[in-house]
Amino acid sequence: MPLKLFDHKQIILGVTGGIAAYKAAMVCSRLVQAGAMVEVVMTESAQRFITPLTFQALTHRPVRTDLFDLSGDNIPHIALADKADLLLIAPATANTIAKLAHGLADNLLLAIALATPAPILLAPAMETDMWQHPITQANVERLRQLVKQINIIGPATGRLASGGTGAGRMVEPEEIIGLAGTILARHGDLAGWDIVVTAGGTREAIDPVRFISNHSSGKMGYAIATAARDRGAKVTLITTAALPDPFGLKIIKVNSAEQMKEAVLVATRQADVLIMAAAVADFRPQVVAEQKIKKQSHTESLALNLIRNPDILAEVAKQKADGHGPRMTIGFAAETEELLANAQLKLANKKLDLIVANDVTATDAGFGVDTNRVTLLAADGSIEELPLMSKQAVAEAILDKL
Ligand code: C5P
């Protein structure tokens, strides 16, 4: 499945001559599956371990091996270096690390590494003695000191090609892809933004074992939070949902609207954006029974008295009026009738910059499902009706508005 993070990203995969070169094929395949445009550049010795054909089959593109091949772009190393979003060298041998550390450029990969402004990720792989050699260690240190865009992952400790065990294994492809993603995100269009997202339906306690809630699954909020993370934002997710914790987010678990309000007011004091995707209960039981409420044989009904919950967006607007709070607030309007009119009213009353209106009576949109059909109404009067799409795609559309 294409991931937004890698989608259409230009990644140069440099493969150098170590036995771990066979694992570079897995890295390559994963990147292609994630939607990246992968250009593979191999050193001469890499081609002794694995053929260019393997990478060509995986990427559907010619593999570059020659600094002096002028068949395509005019100056291949400059053209490749300029358009890259990331240069990933996996495996990186002691020889390539040494040459990089000293600015040698006697093959295409090294020339690209010297010429590119893109972030570079090295995944060293070699025998333990080579890795621990003071020269290799000094070279790695030199790269860290002098090349600000360099990132080094590993090597891991484990079984080595020689049969021995020690430091020097290339880290596993999944981990390399994970860090590559994090590096790309740092350069995303929301890099430097501080975004607070709420998700899920609040739970309003009736007694120690029961609560009032709604059908919100939290999926929309989680989709927004992870999409914002992948575009480089620092994200705080304030959630009631029992979904798996996504990596790389600050996650604050809450239950009630009151708890969510407290968490939102603290988190948004310095934030750029608040996105209130949570379905906050408008009412809560006035009294929370201390013990589980028992049914009594002679009573046929039970009355619960409900009182109004705070409107979190209204509280945020107040805090904003005092000079603290997010630059932008985005709300959701889940409606069962008069969708646009109700959303317009909420946009104005809650002093929002954008409201995401969705008709929750549709079976393929709204609560619980993976798709949504929404209309975006902005404070400037613009209205954008989006077709049925995945919640991920809706999340991207909302973030595009930022
Ligand atoms: O007024 P309504 O509840 O329909 O508005 C929905 C929007 O307001 C959502 O963004 C929701 O998260 C937010 N909300 C809130 N505090 C409440 C109720 C809703 O911030 N008490």
Side-chain angles (χ1 to χ4, degrees), residues 195-205 211-225 228 235-241 252-269 271 273-286 306-321 324-326 328-362 365-368 372 374-379 391 394-395 397-399 401-402:
I195 299 184
V196 179
V197 182
T198 63
T202 61
R203 295 170 165 201
E204 310 300 331
F211 55 80
I212 299 174
S213 191
N214 54 63
H215 289 297
S216 169
S217 62
K219 286 180 177 175
M220 193 62 243
Y222 277 61
I224 296 169
V235 180
T236 304
L237 175 63
I238 300 171
T239 177
T240 64
I252 302 174
K253 305 255 182 189
V254 294
N255 281 312
S256 65
E258 193 58 48
Q259 290 169 347
M260 184 173 276
K261 180 194 86 178
E262 293 303 322
V264 166
L265 290 179
V266 172
T268 54
R269 280 181 81 85
V273 186
L274 166 65
I275 304 179
M276 279 291 300
V280 183
D282 292 323
F283 294 94
R284 67 171 183 273
Q286 182 171 27
L306 303 180
I307 55 168
R308 276 299 281 270
N309 260 334
D311 187 304
I312 301 174
L313 282 168
E315 301 282 331
V316 169
K318 262 194 252 160
Q319 186 164 279
K320 211 170 149 176
H324 307 287
M328 273 179 256
T329 33
I330 298 180
F332 276 68
E335 302 293 340
T336 54
E337 57 183 349
E338 300 284 345
L339 178 65
L340 294 188
N342 281 326
Q344 289 282 15
L345 267 178
K346 284 179 191 175
L347 178 71
N349 290 345
K350 293 176 186 256
K351 300 192 173 58
L352 303 174
D353 298 283
L354 186 76
I355 194 151
V356 184
N358 65 336
D359 178 352
V360 286
T361 58
F367 292 141
N372 215 349
V374 303
T375 303
L376 305 180
L377 298 93
K391 286 187 173 169
V394 173
I398 295 168
L399 297 175
K401 284 281 182 189
L402 294 180

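Predicted model only: the values in this text are computed from it and were never measured. In listed order, ligands and their atoms are each counted from 1.
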Could you name the protein residues that come within less than 4.0 Å of ligand 1, counting only heavy atoms, and order them by chain and residue number?
M276, A278, V280, D282, P310, D311, I312, L313, G331, F332, K346, K350

Do the side chains of K350 and E315 get close enough for a salt bridge, i.e. N-O under 4.0 angstrom?
no

Look only at the side chain of E204 and the backbone of P285, and say whether a donor-acceptor pair between them is shorter than 3.5 Å.
no

Please determine, by modelled atom types, if D282 and N309 share a side-chain donor-acceptor pair under 3.5 angstrom.
no

Side chain of S256, backbone of Q259: donor and acceptor closer than 3.5 Å?
yes

Are V254 and T239 close enough that some pair of their side-chain heavy atoms sits under 4.5 Å apart?
no

My understanding is that only residues two or more places apart in sequence, or in another chain, count here; which of them pass side-chain hydrogen bond (donor to acceptor under 3.5 Å, both in side chains) with Q286?
N305

